[in-house]
Amino acid sequence: METLLADINRLRRERRAVILAHTYQAPEVQDLADFVGDSYGLSVKAAQIADADLIVFCGVQFMAETAAILNPDREVLMPDPEAGCPMADMITAEQLRQFKAEHPGAPVVCYVNSTAEVKAESDVCCTSSNAVKIVRALGDVPEVLFVPDQYLGRFVEKQLGRRLVLWEGFCPTHYTLGPETIRKMKRLHPDAKVMVHPETRPETQDEADYVLSTGQMVELVKATAHRQFLIGTEEGIIHTLQKAAPDIDFIRLSDFLRCPNMKKTTLAKIKTCLETRQTRITVPDDVAAKARVAIDRMLEISARK
Ligand code: 13P
Ligand code: SF4
């Protein structure tokens, strides 16, 4: 491990590489990254990178694609390009075109957990940290199409007290967490507060004290007086939370909250990626140009006070 880290550190300097990692990455990957964040934080970071020749993205395909769209002149590499997101693959561009045809004139809000082609067919993107703000910014339009995550969509509906037209995608990892597990864990840890991600099912969210994106979870634990939390999102976040708040006791709600795709990145693959400059993630220019409009609109609305 020591020599692997030394090799990675030498290569990242030689290549002028910046390493970005999602909070669901393995602890050792998070620890060597230049920046660790949620999907929104990583998009903002990717849009601001100035002094690097290449970006090594430790996350899943849609995140690396977003970084590539925001950095057309820079190489964006994935240590394992097979790390996809099953939810993102639950809607294709062709299916979205058909969905739009069934609801003429309705704006499309697309969760960043989607392919570049689907973003290109959408009016605005959102992440779990800004979905409520983005939908609210559309104003009082009769219909809004929300793709692909039905549960994030249901969370937005509840916050805004309005209906959306939802695509029936979901995250297979977060789906596994049911309300009965939370009830059981609350009985075992009666002093703990419960945080879950909005990709969990509505009945699961109903059992939680907080429904937050991963970035919002990190912000909350830096400021809270609570000393124990039960965590209902991918297990990689525990490492991020523990670093942000070393004195708090974080307990995972279940052993099934492990995204196999997020765990495909390893230190050995990062080293090979830096050595070989493989695998580059690219998006065709016409698709990237259209997808960028939806991503930039999200960044602009999200930055509003
Ligand atoms: P965040 O938006 O909280 O980073 O979540 C991304 C994701 O893939 C959740 O499963
Ligand atoms: Fe996709 Fe779920 Fe994995 Fe997030 S945790 S990358 S939504 S499969």
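Ligands are counted one by one from 1 in listed order, and the atoms in each one are counted from 1 as well. In what follows, residues are counted from 1 in the order of the sequence shown.
Residue contact check: Ser213 has heavy atoms under 4.0 Å from atoms 3 (O) of ligand 1. For ligand 2, the atoms closer than 4.0 angstrom to any heavy atom of Glu199 are 2 (Fe), 7 (S). The contact set between ligand 1 and Asp38, taken as ligand atoms under 4.0 Å from a residue heavy atom, comprises 4 (O). Listed by atom number, the atoms of ligand 1 under 4.0 Å from Thr214 heavy atoms are 1 (P), 3 (O), 4 (O).
Under the 3.5 Å distance criterion, with hydrogens and angles disregarded, a donor-acceptor pair is assigned to the side chains of His103 and Glu143. A donor atom on one side chain and an acceptor atom on the other are found under 3.5 Å apart for Thr265 and Gln25. Neither side chain, Thr173 nor Glu234, offers a donor N or O lying under 3.5 Å from an acceptor on the other. Using modelled atom types and a 3.5 Å distance limit, the side chains of Lys133 and Asn130 yield no donor-acceptor pair.
Residue contact annotation: Tyr40 has no non-hydrogen atom under 4.0 Å from ligand 1. Proximity of His174 to ligand 1 is established by a heavy-atom distance of less than 4.0 Å.
Listed by chain and residue number, Tyr24, His174 satisfy the side-chain hydrogen bond (donor to acceptor under 3.5 Å, both in side chains) test with Thr233 (two or more places apart in sequence, or in another chain). Checked against side-chain hydrogen bond (donor to acceptor under 3.5 Å, both in side chains), Thr23 has the following partners two or more places apart in sequence or in another chain: Thr214.
Nearest to atom 3 (O) of ligand 1 by heavy-atom distance, out of Met87, His22, His197, is His197. The option from Ala131, Ser39, Cys126, Ala88 that lies nearest to atom 6 (C) of ligand 1, judged by heavy atoms, is Ser39.
When only interatomic distances are considered, the shortest N/O to N/O separation between Ser129 and ligand 1 does not fall below 3.5 Å.
At the top of the distance list for atom 9 (C) of ligand 1, counting protein heavy atoms only, stands Glu199 OE2, 2.9 Å. Residue, atom and distance of the protein heavy atom nearest to atom 8 (O) of ligand 1 are Asn113 ND2, 3.1 Å. Looking only at protein heavy atoms, the nearest one to atom 2 (O) of ligand 1 is Ser128 OG, 2.8 Å.
Side-chain atoms of Leu42 and Phe57, non-hydrogen and from C-beta on, do get closer than 4.5 Å to each other.
A salt bridge between Glu75 and Arg280 is absent, with no side-chain N of the basic residue lying under 4.0 Å from a carboxylate O of the acidic one.
Among all heavy-atom pairs drawn from Pro107 and Val141, the shortest one is CG-CG2, 4.1 Å. Here the shortest heavy-atom pairing between Arg227 and Asp247 reads NH1-CB, 3.7 Å.
The distance cut-off of 2.8 Å around atom 3 (Fe) of ligand 2 captures these protein N, O or S atoms, sorted by chain and number: Cys259 SG.
Sorted by first and then second residue, the salt bridge (charged side-chain N to carboxylate O under 4.0 Å, His left out) pairs with a member in residues 101-119 form an empty list; sequence neighbours excluded.
Classified by interplanar angle (parallel below 30°, tilted 30° to 60°, perpendicular above 60°), the ring pair Phe229/Phe250 is parallel.
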